[in-house]
Amino acid sequence: MISTLHIKNIGIIEDLILNLNNGLNILTGETGAGKTLIIDSLQIATGGRFSKEMIRHGEEFSFVELSLYLPNHEAAIDGNIIISREIHTNGRNSCKINGRLVTVSELKIFMQNLIDIHGQMDNQSLLDQNMHIKYLDNFIGDEISPLKNEYLSLYNKYKDISNQLKNNLGDDKEKQRKLDLLRYQINEIEIANLKVGEDVEVENLRERIVNTEKIENNLNEVDNEISEISIDSVSNAIRALEKVEKLDTKYEETLNSLKSIYYDLQELSRDVKSFKEEMEFDEEEKQKIEERVDTIRDLKRKYGNDIEEILKYKEEIIEEVEKIENSEEYILGLKKELKTVIQKMKDLSIKMNKIRVKKAEILSNKVNKELEELEMKNAKFKVEIKFAENDIESDRKDVGAHCNVPNGCDNLYKTEKYYKDGQDVVQFLISTNVGEEDKPLIKIASGGEMSRIMLAIKNVLAEVDEVPSMIFDEIDTGISGKAAKSVGEKLKQIARCHQVICITHQANIAAKGDYNYYISKNVEQGRTLTSIKQLNEEETIQEIARISSGECSKVAIEHAKELRGVA
């Protein structure tokens, strides 16, 4: 669960720490006090998008930190996981998990199974037909997961083979043009007779040639200084010391040191002379090195960043030439493999379809029961499943490529569609009144109805959902009275197995809270600040009364006590 949320410099929030608890956490407050900023901060901490305009005016950065208590999580340290994200006005973005820097995408992946945030935009996802199969499969869980994983592996192979077939087909002229190009490239690389590391060697040689005059002048100066001055000077010093070396041991020791220096200088002199000889390039040799450098650079420009890449590319195009030369045999092999893959996909699709059809009925019944308790007694929810045969109409965008091989796929999938998760097209339908036909959600449900449908689905999925924290931002939009009371009861049910954080404007929902918090804003020193306070029981009653009637009159207080008592 989320134990602590720390927010700095987001909107009107300067520095806010919110300690949360298990169960149902209710957040209330006046409009504009900063309730939505708290949800925005949680979304930022889960890897959501961030606009620089959200940074508090006059500040250089925003900071959000989450402390999660998850004793059984593999990443937990002493049962805790610390998530932080810091964003600066200059665009610098820093994300950390337990102090370790991660990318935004890594943070998003890590958090996707820890916090589920449901706001008004999630109602839009309920209207997206592509999401319906995900909701159904989440409900099914482990029974379908292994089949989906096996199918996805085949689906990727299916697309790869289809693309290979597409890329290897064409008329004879096209094949010949491709063969001519590939053979030319192979020949060009082979003629160069490249050796790994040779590019570095010839570049160094060329650099020496370009700087020959500079190198020679400086080596001559070094040679002159060593040969004509240093060696002669040390030699004269040696002869002088030899005349007195017997008079004192210290003279003898100095003499030995000088002799050692003399021999070292002679060795250095020989080395410098050798360097000078190495710098002697004739014009023909210079020309050859220049041509070699140009050849290697040209091949790098065409085929790879270094010689290893160029040689690897050569091996790849040799393979491609062999495929084209033996294209008929190769294509037959691909077709045979594709046929096997399609049959396996078909078999798995049928198995998944049977599971989905069976579970869809159970999900429909469960959601209908929830809707009845959410004061949608006449509503009838249905999960419709169609098997993608005979080119059925669908809005799904992840359809697999159709076979473009003339007479190459038999009739295996000319009239069928393959998606990443099978051949099923899942759609949520609803009839909100008796006697009406089932229609897609987008065509019939109002905002308030959509909120309750989403809550019904969330409540059903909560039984199998392992996400520890669920956040609802104004789930009560468009509802009131008994419907709001029912929503509160559903949130309370979900809170039995998940931590629930809910922002609400409804007294019936606020009354169900295990922990109630009041968010307010105040002006201090000419700046607006958001603050939050956990309410005690008396303060909770007063807040419920305020939400209910706008004032804390005696009648409103009694009504709040009644609501709280029912809770």
Strictly distance-based, threshold 3.5 Å: is any side-chain N or O of [X] a donor or acceptor partner for the main-chain N or O of [Y]?
| X | Y | value |
| --- | --- | --- |
| Asp160 | Asn156 | no |
| Glu539 | Asn536 | yes |
| Gln499 | Asn21 | yes |
| Ser469 | Met1 | no |
| Asn459 | Leu455 | no |
| Asn353 | Gln423 | no |

**OP:** Apply side-chain contact (heavy atoms from CB on, under 4.5 Å) to the pair Met111 and Leu114, showing each step before the final yes or no.
**Re:** CA-CA 5 Å; Met111 295 296 291; Leu114 299 181; 4.0 Å; yes
Among residues at least two apart in sequence or on other chains, which ones pass side-chain hydrogen bond (donor to acceptor under 3.5 Å, both in side chains) with [X]?
| X | value |
| --- | --- |
| Glu337 | Lys157 |
| Ser531 | Ser520 |
| Glu53 | Ser51 |
| Glu59 | none |

Original post:
Side chains of Asn368 and Glu372: donor-acceptor distance under 3.5 Å anywhere?
Top reply: no
**OP:** Compute whether any side-chain donor of one residue and acceptor of the other, for Gln343 and Asp347, lie under 3.5 angstrom apart.
**Re:** yes
Mind checking salt bridge (charged side-chain N to carboxylate O under 4.0 Å, His left out) for [X] and listing every partner two or more places apart, or none if nothing turns up?
| X | answer |
| --- | --- |
| Lys377 | Glu375 |
| Glu14 | none |
| Lys366 | Glu463 |
| Asp514 | Lys492 |

Original post:
Which residue pairs satisfy the salt bridge (charged side-chain N to carboxylate O under 4.0 Å, His left out) criterion with at least one member in residues 133-147, sequence neighbours excluded?
Top reply: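 Checked against salt bridge (charged side-chain N to carboxylate O under 4.0 Å, His left out) - neighbours excluded - the pairs reaching residues 133-147 are Asp137-Lys148, Asp137-Arg356, Glu143-Lys359.
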Subject >> Side chain proximity check, Leu338 to Leu334, heavy atoms < 4.5 angstrom >> reply: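 Side-chain contact under 4.5 Å: no.
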Taking only distance into account, with no hydrogens and no angle test, what donor-acceptor pairs under 3.5 Å do side-chain atoms of residues 61-76 form with protein atoms, sequence neighbours excluded?
residue, atom, partner, partner atom, Å
Ser62, OG, Asn9, O, 2.4
Ser67, OG, Ser3, OG, 3.2
His73, ND1, Ala75, N, 3.0

**OP:** Taking ring pair (Phe, Tyr, Trp, His ring centres under 6.0 Å) as the test, write out the residues that go with Phe381, two or more places apart.
**Re:** Phe428
Original post:
Is Lys485 salt-bridged to Glu489, going by a charged N under 4.0 Å from an acidic O?
Top reply: yes
Subject >> Between CD on residue Gln506 and CD1 on residue Ile26, distance to nearest 0.5 Å >> reply: 11.0 Å
Original post:
If you look only at pairs with a residue in residues 23-37, which of them pass as a side chain to side chain donor-acceptor pair (under 3.5 Å), with sequence neighbours excluded?
Top reply: Asn25-Tyr517, Thr28-Glu543, Glu30-Arg546
**OP:** Under the side-chain contact (heavy atoms from CB on, under 4.5 Å) rule, what do Ile494 and Met470 come out as? Steps first, then yes or no, please.
**Re:** CA-CA 9 Å; Ile494 296 174; Met470 303 183 77; 3.6 Å; yes
